[in-house]
Amino acid sequence: MVRQAPPETAAAAAVAPLPARARSPVRPASRAMSILRWWAGPALAFALLALLRAFVPLPLVIEVVIFSIYAAGCNFLLGHVGLLSFGQPAYLAVGAYGTAWYLYYGGTDAYVGILIGIAAGIAVALLVGPLFVRLRKDYFALVNLALTVIIYYLMEQVLAAFTHGDDGMLFMDKMSSTPVLDLTDPGQFFIFSLLVGFALWVFYKYLDSSIFGACCLAAKINEDKLCFIGYSDFTVRLAAFVIANTTTALAGSMFAVYLGFVSPELGGPSRAADPVVITILGGAGTLYGPIVGSIAYIGMKDLVSKVFGNWELIIGGLLVFVMLAGEQGIWGSLAPMFERLWRRVGASAAVPGREGGSR
Amino acid sequence: MIDAHLLISGVIFGLSLGGIFFLVTVGLSLCFGLMRVISLDQLLYYSVGGYVTYSVVTATGMPWLGVAGGMAAGAVLGFLAERLVFLRIYDRDITFSMITSYGILVGGIGVIEYVWGLVARPVQDPIPVRVDILGTHIPAYRLLIVAVAVLVYAGIWLFLNRTIIGKAIRAGIEDVEHVQGLGINVHRLFTITFVIAGALSGLAGALDAPLITVDPQMGIELMAFTFMVVIIGGLGSLKGTLVSSFLVGQVVSLGSLFYAPLAQMAPFAVMLVILLIRPTGLFGSPILKR
C-alpha cells in the first residue's frame with residue numbers, strides 16, 4: 001500500500017496541470033472548434049459534391065453519390081479489416097431486390113422500401129457472414145464472388161417468376177410521392193442521397209475513432225494480438241462484415257428507388273470489381289477515398305468512353321499504376337498535403353489535432 | 001429419366017469443360033503455391049490465346065499452328081507480366097497481387113477490344129470428325145481436349161518430380177527461404193513458373209476457341225469458374241486442381257441436363273458445402289505461409 005503511493009502521486013502530479021488548463025477560458029472555444037473541425041470534414045465533402053451539381057448533369061452526380069456509398073462498404077472491409085471482397089454486387093443486389101419486391105408488390109412508400117432493402121442486407125450478411133469471415137483472406141475474396149454469381153442466377157433464372165428475370169421489374173409509376181423529400185423527383189432524390197451520404201460518413205468517421213475501429217485495424221494487422229488482448233477476431237470481423245455489407249445494401253436500395261427499375265444486371269458478376277476499383281483509386285482505408293474514387297471512376301468512364309471509346313484499358317492501367325506506385329490512391333496521396341495545409345491554418349488557432357482526411 | 005445418349009454426351013462435355021478449367025487453373029494454382037500471388041491475369045492469357053488462335057487460323061488456315069501461336073503468346077505475356085509487374089509485388093499481401101492482376105486483366109481486355117474489336121469471332125473446328133461411343137456421336141475434338149489436359153497433368157507431374165528445376169519449385173512451395181539458402185536463384189524459378197502458367201492458359205484459350213466464339217469478355221466469364229475450381233481443389237494443390245476441375249466440369253454439364261439454371265448455380269452450391277466442411281478446399285493446406 002505504501003509502496004504504491006509514490007507512483008500514484010506522481011501520476012496525480014502529471015495529470016494535475018491538465019484540468020487547470022481545461023478550466024482556462026481558452027477551453028470552451030477550442031472545444032467548440034474541435035467539434036466544428038470534426039464535423040467540417042464530412043460537411044465540406046458533401047458540400048463540394050452538391051457544388052459538383054452545378055457543372056455536371058444530375059444523373060451523373062447522383063451516380064457518384066450512390067457509388068460512393070457502394071464503395072464505402074468495400075473500403076471499410078479492405079482498408080480497415082483487410083478483407084478483400086470481390087462480391088459486393090451480391091449485397092447490392094440484395095438491397096435492390098429487397099426494395100424492389102416491396103415497391104413492386106404492393107408497397108408505395110420509397111422510404112419504407114429503402115428500410116426493407118437495408119433489413120434484407122443485414123439479414124443476408126448475418127446469414128452468410130459467420131461462414132465467410134472465418135475463411136482465409138484469399139478464400140474470402142473468392143467466396144464472395146461465388147455468392148455474387150449465385151444471387152445473380154437466383155434473380156435471373158431460379159426466381160424468375162418473382163423477379164421477371166432479365167426483363168427486370170419496373171416500378172417507377174408505383175411509387176407515390178413521399179413527404180418531406182419526394183424521392184420520385186430526381187432533384188429531391190439528390191438532396192436525399194447527399195443527406196444519407198453525409199450521415200454515413202459521420203458514422204464511418206465515428207467508427208474510425210472508436211474502439212471498434214481500432215479492433216478492426218488490429219484484425220487487419222495482427223489478429224493474434226487482437227485475440228491476445230481479449231477480443232474475439234471472429235466477432236470483430238463479423239460486425240465489420242455486417243456493417244460494410246449493410247452499407248452496400250443501402251446503396252442497392254437507393255439505386256432501386258432512383259432508377260425505379262431493377263434487373264439482375266445491376267449485381268452482375270461482370271461488374272464485381274467496380275467497388276474494388278473505386279476503393280483502390282480513391283485510396284483504401286481513407287475516409288474520403290470512396291468519394292474521390294467514384295468521382296474519378298465515373299468521370300473517367302464518362303469522358304473516356306466519349307472520347308476514346310475504350311475505358312477499361314485506362315481503368316486497368318491506372319489500377320496497376322496505383323498499386324505499384326504505393327497503393328495510396330488519389331485521396332491517399334492528396335490527404336497528407338491537405339493535412340499539412342490545414343495544420344498551418346489551424347496553427348494560428350493553437351489547436352493541435354489532425355484532420356480526419358487520413359485515417 | 002434422362003436419355004442415355006444425352007447423358008453420355010453430357011459427361012463428355014463436362015470432361016472437356018473440366019480440361020479447359022484445369023489448363024487455366026493449374027497456372028493459378030502453381031503461382032499461388034510458389035509465389036503466394038493470385039494471378040487473375042491468367043484469364044487474360046486465356047483470352048489472348050483464343051484471339052491469337054483465331055488470327056492465325058484465319059490467316060493461314062492451319063489450326064495446330066494457331067494453337068501453338070496461342071500458347072506462345074500466353075508464355076510471352078506471362079514472362080512480361082512477371083518481369084514488369086509481379087517482380088515488384090511478391091513480398092506484399094495477397095490481396096495486393098489480386099487487385100494488381102485484376103488491373104492487368106481489365107487493361108488487357110481493353111487492349112483486346114482495341115485490337116480485335118468488340119464482335120465475337122468464330123474459329124473453325126480443327127477436327128470435324130465424330131466418334132461413336134456406345135451409339136452416341138461425340139465430337140473427337142472434345143476428347144482431344146480431355147487427353148491434352150491429362151497429358152499436361154502428367155507432364156507437370158513429371159516435371160515437378162523428375163527434373164531438378166521441378167524439384168526446386170516443389171521445395172519452394174514448401175519453403176522459399178530454404179531454397180534460397182541452398183544457393184538456388186529463386187527469382188528464376190518464379191519466372192519459369194510464370195511462363196509455364198501463361199503458356200498453359202494460352203493453350204487453354206487456343207483449345208477452347210473452336211468450342212466457343214472468342215469475344216473480349218471470355219476471360220471474365222470464365223473467372224467465376226476458375227475461382228470455384230481453385231477453392232474446391234484447394235489453392236496451391238496440383239492434384240486438387242485436377243480433381244476439382246473435372247468435378248466442376250461434370251457438375252456444370254450434368255446439372256444443366258437436369259435443370260437448366262443449375263448449370264451456373266450448382267457448382268457454387270457444391271463449393272459452399274465443401275467450404276463448410278473443409279474451409280481450405282479438398283486438398284488445400286490449412287496454413288497460409290508467409
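No hydrogens, no waters, no symmetry mates; every other heavy atom, side chains included, goes into these values. In what follows, chains are A, B, ... by sequence order, proteins preceding strands, each numbered from 1.
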field: chain A contact via B:M271 - side chain, backbone, both or neither, heavy atoms under 4.5 Å
entry: side chain
- request: Tell me, out of B:I112, B:I109, B:V230, B:T100, who's got the most heavy-atom pairs with chain A below 4.5 Å.
  value: B:T100
task: Sort A:L154 into side chain, backbone, both or neither according to what part of it lies under 4.5 angstrom from a heavy atom of chain B.
output: both
message: Can you confirm whether more than 12 heavy atoms, excluding those of A:F234, are under 6.0 Å from its CZ atom?
response: yes
- line: Distance col, row B:F227:CZ vs A:T148:OG1, nearest 0.5 angstrom, shows 10.5 Å
message: Take a 6.0 Å sphere around CZ of B:R88 and say whether it holds more than 12 heavy atoms from other residues, nucleotides or ligands.
response: no
Listed once per pair and sorted, the salt bridge (Lys or Arg N to Asp or Glu O under 4.0 Å) pairs that draw on residues 226-242 of chain B, sequence neighbours left out: none
Side chain, backbone, both or neither of A:F132 within contact of chain B (heavy atoms, under 4.5 Å): side chain
task: Write out, in numerical order, the residues from residues 124-131 of chain A with a heavy atom short of 4.5 Å from a heavy atom in chain B.
output: A:L131
query: For B:I99, is it the side chain, the backbone, both, or neither that has a heavy atom closer than 4.5 Å to a heavy atom of chain A?
result: both
field: A:V143 versus chain B, the contacting section by heavy-atom distance below 4.5 Å
entry: both
- request: Check each of B:I89, B:I104, B:D41 against A:V320 using the side chain to side chain contact (heavy atoms under 4.5 Å, CB included) test, and report the only one that passes.
  value: B:I104
task: Can you tell which part of A:L319 gets under 4.5 Å to a heavy atom of chain B, answering side chain, backbone, both or neither?
output: side chain
task: Pick one of side chain, backbone, both or neither for B:I231, based on which atoms fall under 4.5 Å of a heavy atom in chain A.
output: both
query: Non-hydrogen atoms of chain B under 4.5 Å away: do they reach the side chain of A:F86, the backbone, both or neither?
result: side chain
